[in-house]
Amino acid sequence: LAAYTFADSKIDQFNERPELENKILKYVPKHSASASIFWKNRYVNTSLRGYYKGERFGDDLNEAVLDPYITFDIRLSKQIKENFIISLDIQDIFDNQHRETIDYLSPGRLITGRVAMKF
């Protein structure tokens with residue numbers, strides 16, 4: 001599974017702040033993409049995902065530039081009995097912290113476990 005997004009998000013007209021006209025909306029990357037592979041087998045189901053978020057602006061005047069980044073995630077899951085699923089998710093496997101906004105630095109590697117019951 002793969003996806004690509006191109007966004008050309010410019011402010012055409014803004015009477016209250018004309019200095020923002022023809023500026024790109026902050027935090028909106030022009031390019032973003034993701035690709036995933038899934039492997040289902042009798043031992044453990046595995047999903048790998050890569051995500052790219054392109055360069056974007058961190059302010060309305062397009063002066064602060066936020067760098068592009070790539071992250072990789074993995075999910076391991078196993079169905080137990082008929083109604084239970086356990087899984088382990090690791091987001092940003094390589095622990096590459098990046099700026100999401102001017103004020104927010106991503107947490108880096110994030111590991112979560114899950115036990116679910118289907119009704």
- Note on the structure: To the nearest 0.5 Å, atom CD1 of I37 lies from atom CG of L48 at 4.5 Å

Return all side-chain donor-acceptor pairs below 3.5 angstrom for residues 95-102, not counting sequence neighbours, or 'none' if the list is empty.
{"from": "D95", "atom 1": "OD1", "to": "R109", "atom 2": "N", "distance (Å)": "2.8"}
{"from": "Q97", "atom 1": "NE2", "to": "S106", "atom 2": "O", "distance (Å)": "3.0"}
{"from": "H98", "atom 1": "ND1", "to": "N96", "atom 2": "O", "distance (Å)": "3.0"}
{"from": "H98", "atom 1": "ND1", "to": "S106", "atom 2": "OG", "distance (Å)": "3.4"}
{"from": "H98", "atom 1": "NE2", "to": "E100", "atom 2": "OE2", "distance (Å)": "3.1"}
{"from": "R99", "atom 1": "NH1", "to": "I102", "atom 2": "O", "distance (Å)": "3.4"}
{"from": "E100", "atom 1": "OE1", "to": "K53", "atom 2": "NZ", "distance (Å)": "3.1"}
{"from": "E100", "atom 1": "OE2", "to": "Y69", "atom 2": "OH", "distance (Å)": "2.4"}
{"from": "T101", "atom 1": "OG1", "to": "D103", "atom 2": "N", "distance (Å)": "3.2"}
{"from": "T101", "atom 1": "OG1", "to": "Y104", "atom 2": "N", "distance (Å)": "3.0"}

- Correct closest heavy-atom pair for L25 and I11 would be CD2-CG1, 3.7 Å

- Interatomic distance, T46 atom OG1 to K40 atom NZ [nearest 0.5 angstrom]: 12.0 Å

- Task: Would you please name every residue forming a ring pair (Phe, Tyr, Trp, His ring centres under 6.0 Å) with Y27, sequence neighbours left out?
- Result: none

- About how many Å separate CD1 of I74 and CD1 of I90, when rounded to the nearest 0.5 Å? 6.0 Å

- Item | Flag if over 12 foreign heavy atoms under 6.0 Å of CZ, F6 | yes

- State, to 0.1 Å, how close P29 and A7 come at their nearest heavy-atom pair, and which atoms those are. O-CB, 3.6 Å

- Query: Are side-chain heavy atoms of Y52 and P68 found at a separation under 4.5 Å?
  - Reply: yes

- Item | Minimum side-chain heavy-atom gap R56-V28 below 4.5 Å | no

- Note on the structure: What one should report as the nearest heavy-atom pair of K118 and E82 is CE-O, 3.9 Å

- Is it true that R75 and D89 make a salt bridge, defined as a side-chain N closer than 4.0 Å to a carboxylate O? yes

- Do E19 and L61 come close enough that some side-chain heavy atom pair is under 4.5 Å? yes

- Query: For K78, does its backbone N or O pair with a side-chain atom of N45 as donor and acceptor, under 3.5 Å?
  - Reply: no

- side-chain contact (heavy atoms from CB on, under 4.5 Å) filter on T5, not counting sequence neighbours, yields S32

- Message: Nearest 0.5 angstrom please: D73 CG to T71 OG1, how far?
- Response: 5.0 Å

- Spacing of CG belonging to L66 relative to CG belonging to D59, to within rounding of 0.5 Å: 8.5 Å

- Side chain proximity check, K10 to K23, heavy atoms < 4.5 angstrom: no

- Any side-chain heavy-atom pair of F57 and V65 under 4.5 Å: yes

- Query: Is there a path of hydrophobic side-chain contacts, each under 4.5 Å between heavy atoms of I, L, V, M, F, W or Y residues, that connects L88 with F94?
  - Reply: yes

- Approximate separation, where rounding is to 0.5 Å, of S77 OG and I86 CD1: 9.0 Å

- Task: Indicate yes or no: at least one non-hydrogen side-chain atom of S34 is less than 4.5 angstrom from one of R49.
- Result: yes

- What do the steps show when you test M117 against F119 for side-chain contact (heavy atoms from CB on, under 4.5 Å), and what is the final call? CA-CA 6 Å; M117 183 175 134; F119 294 93; 3.6 Å; yes

- Query: Is there a donor-acceptor contact under 3.5 Å from the side chain of N15 to the main chain of P18?
  - Reply: no

